[in-house]
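Let me begin by presenting the structure, written as structure tokens, before commenting on it.
Note: hydrogens, waters and symmetry copies are ignored here, and every other heavy atom, side chains too, is used. Predicted model, so just to flag it, every value in this text is computed and none were measured.
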Amino acid sequence: ALDAWSAKAAGKAAIDYGFHMIITELTDQVGSELLKELDAAGVFSRITRFDPHPDVIVTEAIGGGHARFYAALLERAEPKLTGADQARWLDQLEAEHANLRTALAWAFDSGTEGVEIAARLCVALSKFFLRRGHWTEGRRAAEDALARLDSALPAVRGERAQRMRELRARLLHFSGMMAYRQGDYGASSERLGASIELWRTLGTQPDRFAEVLQEVGTLSVLRDEYDRADRALSEALQIHRERDNQQGMASVLNLLGFLAMALGQYDRAQAFLREAVDLFDAMGDEWGTTRTLQLMAVVARNRGEFAAADELLERTLESSNRLGNKSGTAAALGEMGLVALAQGKLDRAEELTNEVMEIYESLGGVSSWTLGKVVLGLIALNQGKAEEAARCIRDALVSFHKEHARYDMGTCLMALAGVAAIAGRGRRAARLMGASEAVYRRLGASGVRVSEIGLGSWLTYGLGVEAEVAKACV
């Protein structure tokens with residue numbers, strides 16, 4: 001039918017309109033099996049956008065059929081995004097991006113009828129939005145869907161009400177996940193907390209509930225709330241083990257490695273991360289393997305094993321580029337910049353850091369890449385530009401304070417102490433070092449002391465502080 005329509009149609013708009021008319025009619029009669037046959041036949045790749053002729057009135061039968069069709073397609077695609085064929089599915093969804101936006105627009109404009117479809121589309125798109133870097137679009141869609149769902153829920157009863165409450169819990173999760181990736185930790189904590197509370201009330205879909213716990217664990221590490229992170233991740237791991245969810249177990253082991261690394265427990269971190277890589281590899285989950293290798297590279301850098309770190313980062317960069325994962329690409333380049341800085345390759349470090357900050361800016365980061373400001377400050381310090389260094393690091397300190405990222409605040413204070421030490425202001429350097437130590441002690445970060453942090457960081461990043469001066473500051 002599509003071939004016949006294409007031969008007779010007078011233009012692309014008519015072809016697309018005819019295609020979606022056919023889809024609407026047949027899907028109602030045949031159901032989801034038709035979707036599989038059309039996909040196998042490569043039909044989706046032949047149509048790039050549903051863009052009806054201006055004279056065509058998009059009725060509920062056409063617009064609704066189109067939106068329901070893509071909701072079903074997305075729900076089928078979602079589990080594929082963590083499997084061995086994830087790159088192909090991500091590419092296919094990217095090719096269908098215009099159609100997905102059209103489906104969402106129809107659902108948002110269709111009152112009560114479109115509310116549930118909009119929510120289904122949003123939650124099924126969450127991994128796509130995350131992995132292809134459409135953070136601002138994804139977060140906005142989630143918030144719009146939540147607002148409409150909250151307005152409609154009081155009038156809904158029975159099984160549909162249960163479905164919509166579950167969709168609400170998933171939308172809260174999605175919104176919180178996007179928020180912290182954009183540096184909005186407060187909004188993220190609020191959304192994730194509401195999702196946790198709703199899932200506990202519903203008592204359904206434990207795997208989805210455990211996924212929210214994982215996000216809470218990640219956010220808690222970023223905010224240096226290590227006890228909270230450990231509780232959330234331990235509960236998530238228990239749920240996944242009880243259900244023999246290999247994907248979930250691998251994801252939690254990755255995050256436990258992240259937590260151990262933040263606490264300076266590098267041997268423990270490596271053990272968790274190796275176990276996670278083995279599980280991800282066995283499932284063919286390239287995304288999972290890539291982000292775990294990235295953490296292993298951070299551990300190697302922290303240990304001064306720069307060659308090993310570079311080797312791991314080259315692998316993660318290649319994989320992230322292949323998957324179209326912009327945030328993964330940025331993370332790999334950022335780590336390469338830190339490795340270069342630690343080796344005194346200042347031009348390379350500056351080039352990479354600026355590239356990373358541009359990528360995060362394009363992703364809609366609220367504060368771009370705040371750590372990049374610290375790196376640029378350290379580079380300036382190495383170049384003898386003390387005032388520029390202090391300005392960059394102070395800007396980062398303000399941002400980290402707003403984000404409640406206390407570990408990073410300690411890093412900034414220590415860097416500012418280095419600035420003061422180089423300028424010969426020993427007492428100020430000592431006060432800043434003491435403030436940094438107080439931050440770390442409050443966090444309980446593996447008992448590290450100011451002498452280890454201060455002297456280690458000053459020597460590692462070549463700040464030019466003489467050993468005798470550093471010891472005098474201590």
For this session: For Glu242 and Gln238, test the side chains for any donor-to-acceptor distance below 3.5 angstrom and give the result as yes or no.
Result: yes

Exercise. Under the side chain to side chain contact (heavy atoms under 4.5 Å, CB included) test, which residues partner Thr316, sequence neighbours left out?
Worked result: Thr290, Leu293, Gln294, Leu313, Ala332

Validation: residues 255-262 side-chain donor-acceptor distances under 3.5 Å, sequence neighbours left out:
none

Exercise. When rounded to the nearest 0.5 angstrom, what is the spacing between CG in Leu167 and CD in Gln162?
Worked result: 10.5 Å

Exercise. Is the backbone of Pro206 close enough, under 3.5 Å, to the side chain of Trp199 for a donor and an acceptor to pair up by distance?
Worked result: no

Exercise. Listed by chain and number, what are the side chain to side chain donor-acceptor pair (under 3.5 Å) partners of Arg200, not counting sequence neighbours?
Worked result: Glu235

Exercise. Can you list every pair that meets side chain to side chain donor-acceptor pair (under 3.5 Å) and has a residue in residues 142-154, with sequence neighbours left out?
Worked result: Glu143-Ser175, Glu143-Arg191, Asp150-Arg168

Problem set entry | Close side-chain approach of Val375 to Leu338, heavy-atom, < 4.5 Å | yes

Exercise. Okay, side chain of Ser436, backbone of Leu432: is any donor-acceptor separation there less than 3.5 Å?
Worked result: no

For this session: Can you tell me which residue pairs pass the salt bridge (Lys or Arg N to Asp or Glu O under 4.0 Å) test with a partner in residues 253-272, sequence neighbours excluded?
Result: Asp267-Arg303

Exercise. So Glu96 and Asn99, side chain to side chain contact (heavy atoms under 4.5 Å, CB included) or not? Walk me through it.
Worked result: CA-CA 5 Å; Glu96 294 285 349; Asn99 272 318; 2.9 Å; yes

For this session: Determine, for Arg88 against Asp91, whether the closest basic-nitrogen to carboxylate-oxygen distance falls under 4.0 angstrom.
Result: no

Seminar exercise, completed: Value for NZ (Lys373) from CZ (Phe400), rounded to nearest 0.5 Å, stands at 8.5 Å

For this session: Ignoring hydrogens and angles, tell me if any N or O in the side chain of Arg160 forms a donor-acceptor pair with the backbone of Val156 under 3.5 Å.
Result: no

Problem set entry | Flag, side chain of Glu215 to backbone of His173, donor-acceptor distance under 3.5 Å | no

Problem set entry | Whether over 12 other heavy atoms sit under 6.0 Å from Arg322 CZ | yes

For this session: Consider only side-chain N and O atoms of Asn325 and Ser327, and report whether a donor and an acceptor are under 3.5 Å apart.
Result: yes

For this session: Answer with yes or no whether the side chains of Asp285 and Thr82 bring together a donor and an acceptor at under 3.5 Å.
Result: no

Problem set entry | Under-4.0 Å salt bridge between Arg120 and Glu166 | no

Problem set entry | Results of ring-ring contact (aromatic ring centres under 6.0 Å, His included) for Phe128 - residues two or more places apart only | His97, His134

For this session: Find the distance between CG (Leu378) and CD1 (Ile393) and round it off to the nearest 0.5 Å.
Result: 5.0 Å

Exercise. Short question: side chain of Ser126, backbone of Cys122 - any donor-acceptor pair under 3.5 Å?
Worked result: no

For this session: Would you check, one step at a time, whether the test salt bridge (charged side-chain N to carboxylate O under 4.0 Å, His left out) holds for Arg170 with Glu78?
Result: CA-CA 14 Å; Arg170 294 185 64 189; Glu78 186 186 11; 3.0 Å; yes

For this session: Keeping the roles fixed (side chain from Ser188, backbone from Asp184), state whether a donor-acceptor pair exists under 3.5 Å.
Result: no

Exercise. With no hydrogens and no angle check, do the side chains of Gln205 and Asp207 hold a donor and an acceptor under 3.5 Å apart?
Worked result: no

Exercise. Backbone N or O of Arg315 within a donor-acceptor pair of the Ser319 side chain at under 3.5 Å?
Worked result: no

